Protein chains: 2
Amino acid sequence: MEHRIDRIKKQLHAQSYKLTPQREATVRVLLEREEDHLSAEDVYLLVKEKAPEIGLATVYRTLELLSELKIVDKINFGDGVSRYDLRKEGAKHSHHHLVCSECGAVEEIEEDLLEEVEKIVQNEWGFQVKDHRLTFHGVCKQCQAVTVSASS
Amino acid sequence: MEHRIDRIKKQLHAQSYKLTPQREATVRVLLEREEDHLSAEDVYLLVKEKAPEIGLATVYRTLELLSELKIVDKINFGDGVSRYDLRKEGAKHSHHHLVCSECGAVEEIEEDLLEEVEKIVQNEWGFQVKDHRLTFHGVCKQCQAVTVSASS
DNA sequence: ATTATATTTATAATAATTATAAGATAAGAT
DNA sequence: ATCTTATCTTATAATTATTATAAATATAAT
């Protein structure tokens with residue numbers, strides 16, 4: 001974890017941003033909850049446990065900054081809130097998501113499944129792809145199992 | 001156009017919803033501006049031209065309803081606003097979008113490019129896909145041309 | 001240590017969306 | 001055609017998410 005904090009510190013410095021304690025606390029929360037998809041409010045509450053004096057606006061600004069630097073992706077699942085998703089080190093693209101409409105769980109797919117599709121978009125539409133957002137909505141494995149056993 | 005209004009009327013009635021003049025006016029706006037990706041506010045302003053007494057909350061409620069009935073897709077390009085996108089008649093999936101980060105233009109891809117990817121998700125992740133959201137961010141044909149000529 | 005710049009805090013403002021209650025209306029039943 | 005009733009709309013207010021502002025503070029390089 002210290003390693004990744006250090007890398008992020010360098011990324012900030014490269015653009016002459018500072019790694020303040022507030023920013024560091026925010027990044028630590030994101031690293032600890034890497035699997036989750038926290039809203040700004042969620043992050044704020046968790047950061048407060050480490051640094052109680054932090055303000056919500058600071059969290060927003062920090063997340064915005066991390067988002068500009070492509071350290072996190074700002075994503076949106078259609079509930080009215082933005083969520084923030086840490087990228088894997090060196091990942092070029094936002095990863096894919098599976099949202100279960102039964103239980104609300106969100107799974108991640110790290111693997112890039114869009115390489116072929118992107119080629120088509122580049123060649124047939126002449127659109128130069130820089131990044132993508134892909135979310136599937138449906139029923140997760142667990143909920144399928146529940147439905148089957150409930151109906152039998 | 002009358003044909004599609006009629007079909008939508010039937011879809012509403014099937015769930016015992018009424019086609020009020022306000023709802024009809026809203027649907028007409030969506031049909032007329034099928035290529036666009038209007039926000040609730042945009043729709044409101046356009047509907048007001050036909051039905052000046054309509055309230056913004058009614059437009060929101062109507063769009064929400066159309067969204068439940070899968071007549072429109074509520075989409076989100078990461079600016080703080082929800083946008084509403086009419087589905088083609090009988091389309092099973094939300095269509096794909098190309099968002100240009102230079103000029104902000106949004107193109108649509110009607111063709112479903114995700115069939116293969118969905119099979120992989122079903123088989124390898126055991127996730128039963130019902131719908132998807134796919135957006136590419138990048139540079140559109142026009143803006144690529146501009147950049148090239150500007151730099152030469 | 002000093003300094004210039006970036007940053008945070010606290011507060012207020014804005015923007016998007018949703019809730020509420022009272023009156024109005026669509027559409028099937030009479 | 002009128003009646004009836006559940007569905008809708010209006011007008012207004014409330015909520016929620018997010019961003020702006022200005023004064024005070026802290027960072028990191030010299």
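Both backbone and side-chain heavy atoms feed into the values below; hydrogens, waters and symmetry mates do not. Because the structure is a prediction, the values reported are computed rather than measured. Chain naming here is simple, since letters A, B, ... match the order of the sequence lines and numbering starts at 1 in each.
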Q: May I ask you to test the B:Y17-B:E68 pair for a side-chain heavy-atom distance under 4.5 Å?
A: yes

Q: Return no unless some side-chain N or O of B:Q22 is found under 4.0 Å from OP1 or OP2 of C:dT25.
A: no

Q. Do the ring centers of A:H93 and A:H132 come within less than 6.0 Å of each other?
A. yes

Q. Would one find a side-chain N or O of A:R61 under 4.0 angstrom from OP1 or OP2 of C:dT7?
A. no

Q) Rounded to the Å, how far apart are B:E64 CD and C:dT17 C1'? A) 10 Å

(Q) Return the pairing partner of C:dT30 with a 3.5 Å limit on both distances, Watson-Crick or G-U wobble; otherwise return none. (A) D:dA1

Q) Just to confirm, is there a sub-4.0 Å distance from OP1 or OP2 of D:dT27 to any side-chain nitrogen or oxygen of A:T20? A) no

(Q) Can you see if the side chain of B:S39 gets near the phosphate of C:dA16 - specifically, an N or O under 4.0 Å from OP1 or OP2? (A) no

Q.
I'd like to know if the side chain of A:H37 pairs up with that of A:E108 as donor and acceptor (distance under 3.5 Å, no hydrogens or angles considered).
A. yes

Q: Would you indicate, yes or no, if D:dT19 has its OP1 or OP2 atom less than 4.0 angstrom from a side-chain nitrogen or oxygen of A:Y60?
A: no

Q. Between D:dA28 atom P and A:L12 atom CG, what is the distance in whole Å?
A. 10 Å

Q. Whole-Å distance between D:dT9 P and B:Y44 OH?
A. 14 Å

(Q) Expressed as a whole number of angstroms, how long is the span from A:R23:CZ to D:dT25:P? (A) 19 Å

**Q.** Nearest listed nucleotide, side chain of B:K18, among D:dA6, C:dT7, D:dT10
**A.** D:dA6

